[in-house]
Peer 1: 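Let me begin by handing over the structure; questions about it come next.
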Amino acid sequence: MRLPEGAKARLGKGGIGEIAYSPDGNRLAIANNIGIWIYDAHSLVELDLLTGHTDTTTSIAFSPDGNTLVSSSYDETVRLWDVNTGTLKSTLTGHTKWINSIAFSPDGTILAGGSSDKAVHLWDPVSGAHKATLTGHTRTISTIAFSPDSKTLASGAWDNTVRLWDIATEKEKAVLTDHTYFGEYTSGISNVAFSSDGQWLVSAAFNEEGVYVWDAVTGKHERTLDIGRISILAFSPDGKTLAIGARYELNLWDVVRGEHTAALTKHTSFVNSLAFSPDGSTLVSGGGSQLLLWDAETGAQKGEIGGYLSNGWCIAFSPDGSTLASTGGYHTVHLWDVNNRQHKAALTAERNDDWIGSIAFSPDGKTLAGEGVGGYTYGIPKVHISKQL
């Protein structure tokens with residue numbers, strides 16, 4: 001796979017960002033700070049790595065015909081890629097800050113992006129021309145979604161509102177304001193999604209408990225799913241099941257009945273990305289270093305894609321230079337064999353909220369020490385960790 005100029009090797013594939021299936025279900029794309037990894041969705045064999053962004057990829061989406069992948073990044077560019085050749089087709093302009101969420105309309109005629117400049121931008125995906133700027137939000141837009149008929153776009157922002165836009169007129173048609181949490185930490189809308197029949201719109205907010213279920217036509221708040229604080233959500237293709245990442249757990253809900261149907265509990269880090277296969281048979285979830293595949297009907301784990309590790313913040317070589325240690329995520333230090341470039345082991349702290357901020361080898365290379373800062377949940381000021389190698 002491609003390496004930056006001057007680099008000798010890549011250890012690991014980076015963290016796990018947004019996940020997307022191609023419409024035909026044959027490709028699976030994973031975005032992160034390295035680029036966009038493309039897999040055969042059946043064999044899980046790596047097909048390509050799309051690189052060119054100079055910062056973390058924030059959002060990805062396949063075109064309805066599956067031939068184009070769009071990506072946005074903290075480098076403030078939006079790029080269109082030819083999936084079949086792995087080449088860059090074009091770079092879109094018209095926005096002034098980074099795009100946090102990107103989406104194709106189901107009919108393929110519009111490409112939309114929710115931006116940190118408080119606006120939704122619309123492009124022609126064929127010509128790349130900037131078509132319109134939808135304004136009304138007063139803070140950063142974090143999430144967008146098209147209705148199945150492509151006539152409505154929902155946007156959620158840090159101003160704690162969900163806004164519905166008429167695509168034909170490019171006008172705002174409703175503002176949903178039932179989300180009311182404004183707390184000490186981040187507040188605002190984190191997720192919006194339409195059901196496949198267009199009947200339901202769901203939304204969730206940072207640090208607010210529950211998922212709000214709205215009548216997508218009238219904008220009426222119908223019910224709230226009591227699931228606690230969530231990090232990510234996704235509808236199944238038939239619109240009957242909602243997958244919800246809530247901290248370390250993945251939950252399945254029947255939206256119509258408002259009933260919890262399953263809890264999938266094999267994640268050891270926050271679940272931050274989800275995607276259903278187009279036929280609804282497989283659910284992929286990502287969090288920390290785990291990229292897991294599930295049978296969407298039974299909840300049984302059916303596979304895993306390895307090699308992903310949370311982004312590292314500090315590294316240390318063993319005295320003999322044969323081992324590299326790197327931090328990644330809340331409570332884990334990874335060990336790498338420098339010669340064969342393989343992952344050797346993962347060392348974990350006793351508490352899963354310990355943030356390991358520094359690491360060092362002993363002079364004989366047999367012990368690794370780490371100093372961490374405890375999480376907000378328990379308010380522990382510092383944790384000292386020592387592992388015998």
Peer 1: Determine whether more than 12 heavy atoms belonging to other residues, nucleotides or ligands lie under 6.0 Å from atom CH2 of Trp200.
Peer 2: yes
Peer 1: Using 0.5 Å steps for rounding, measure from the OG atom of Ser203 to the CG atom of Leu233.
Peer 2: 8.5 Å
Peer 1: Do His260 and Asn251 have a side chain donor and acceptor closer than 3.5 Å?
Peer 2: yes
Peer 1: Find out whether Ser196 and Pro237 are in side-chain contact, i.e. whether some heavy atom of one side chain is under 4.5 Å from a heavy atom of the other.
Peer 2: no
Peer 1: If we ignore hydrogens and angles and just use 3.5 Å, is the side chain of Ser277 paired with the main-chain N or O of Thr282 as donor and acceptor?
Peer 2: yes
Peer 1: Answer yes or no: does atom NZ of Lys97 have more than 12 heavy-atom neighbours from other residues, nucleotides or ligands under 6.0 Å?
Peer 2: no
Peer 1: For Tyr74, look at atom OH and say whether over 12 heavy atoms of other residues, nucleotides or ligands are found less than 6.0 Å away.
Peer 2: no
Peer 1: Report yes if the side chains of His179 and Leu176 come closer than 4.5 Å at any heavy-atom pair, otherwise no.
Peer 2: no
Peer 1: Can you find a pair of side-chain heavy atoms, one from Pro278 and one from Pro23, that are under 4.5 Å apart?
Peer 2: no
Peer 1: Indicate if Phe276 and Leu293 have the same hydrophobic cluster label, given that clusters are the connected sets of ILVMFWY residues with side-chain heavy-atom separations under 4.5 angstrom.
Peer 2: no
Peer 1: Hey, could you give me the CD1/OG distance between Ile141 and Ser155, rounded to the nearest 0.5 Å?
Peer 2: 5.0 Å
Peer 1: Parallel, tilted or perpendicular, judged at 30° and 60°: which one describes the rings of Trp158 and Phe206?
Peer 2: perpendicular
Peer 1: For the pair His121 and His130, name the ring-plane relationship: parallel under 30°, tilted 30 to 60°, perpendicular over 60°.
Peer 2: tilted
Peer 1: Does Asn32 reach the side chain of Ile30, with side-chain heavy atoms less than 4.5 Å apart?
Peer 2: no
Peer 1: More than 12 foreign heavy atoms under 6.0 Å from NZ of Lys240: is that the case here?
Peer 2: no
Peer 1: Please check if atom NZ in Lys173 has more than 12 non-hydrogen atoms from other residues, nucleotides or ligands closer than 6.0 Å.
Peer 2: yes
Peer 1: Going by the angle between their ring planes, with limits at 30° and 60°, are Trp214 and His221 parallel, tilted or perpendicular?
Peer 2: tilted
Peer 1: Is the backbone N or O of Ile144 less than 3.5 Å from a side-chain atom of Ser101, with the two atoms forming a donor-acceptor pair by type?
Peer 2: yes
Peer 1: For Leu201, which of Val213, Val162, Thr152 qualifies under side chain to side chain contact (heavy atoms under 4.5 Å, CB included)?
Peer 2: Val162
Peer 1: Exactly one of Thr58, Thr57, Val70 should register a side chain to side chain contact (heavy atoms under 4.5 Å, CB included) with Ile102. Which one does?
Peer 2: Val70
Peer 1: Does Asp124, at its CG atom, have more than 12 non-hydrogen atoms belonging to other residues, nucleotides or ligands within less than 6.0 Å?
Peer 2: yes
Peer 1: Heavy atoms, side chains only, cut-off 4.5 Å: are Leu368 and Leu335 in contact?
Peer 2: yes
Peer 1: If we ignore hydrogens and angles and just use 3.5 Å, is the side chain of Thr161 paired with the main-chain N or O of Arg163 as donor and acceptor?
Peer 2: no
Peer 1: Working to the nearest 0.5 angstrom, can you tell me the gap between Asp149 CG and Asp107 CG?
Peer 2: 9.0 Å
Peer 1: I'd like to know whether Gln290 forms a side-chain hydrogen bond (donor to acceptor under 3.5 Å, both in side chains) with Thr268, so could you lay out the CA-CA distance, the side-chain angles of the two residues, the decisive distance to 0.1 Å, and finally the verdict.
Peer 2: CA-CA 8 Å; Gln290 294 174 296; Thr268 57; 3.2 Å; yes
Peer 1: Students often mix this up, so state it plainly: with edges at 30° and 60°, are the rings of Phe270 and Tyr248 parallel, tilted or perpendicular?
Peer 2: perpendicular
Peer 1: Kindly say whether Asp55 contributes a backbone atom to a donor-acceptor pair with the side chain of Ser73 at under 3.5 angstrom?
Peer 2: yes
Peer 1: Does the side chain of Ile167 reach to within under 4.5 Å of the side chain of Lys151, using non-hydrogen atoms?
Peer 2: no
Peer 1: Tell me if a side-chain donor or acceptor on Trp123 pairs with a main-chain N or O of Thr93 at a distance below 3.5 Å.
Peer 2: yes
Peer 1: side-chain contact (heavy atoms from CB on, under 4.5 Å) between Glu249 and Val271: does it pass, once the steps are laid out?
Peer 2: CA-CA 7 Å; Glu249 196 168 81; Val271 181; over 6 Å; no
Peer 1: Any non-hydrogen side-chain atom of Leu92 less than 4.5 Å from a side-chain atom of Ile99?
Peer 2: no
Peer 1: What's the separation between atom CD1 in Ile232 and atom OG in Ser273, rounded to the nearest 0.5 Å?
Peer 2: 7.0 Å
Peer 1: With a 4.5 Å limit on heavy-atom distance, are the side chains of Val255 and Val211 in contact?
Peer 2: no
Peer 1: How about CD on Glu304, more than 12 heavy atoms from neighbouring residues, nucleotides or ligands closer than 6.0 Å, or not?
Peer 2: yes
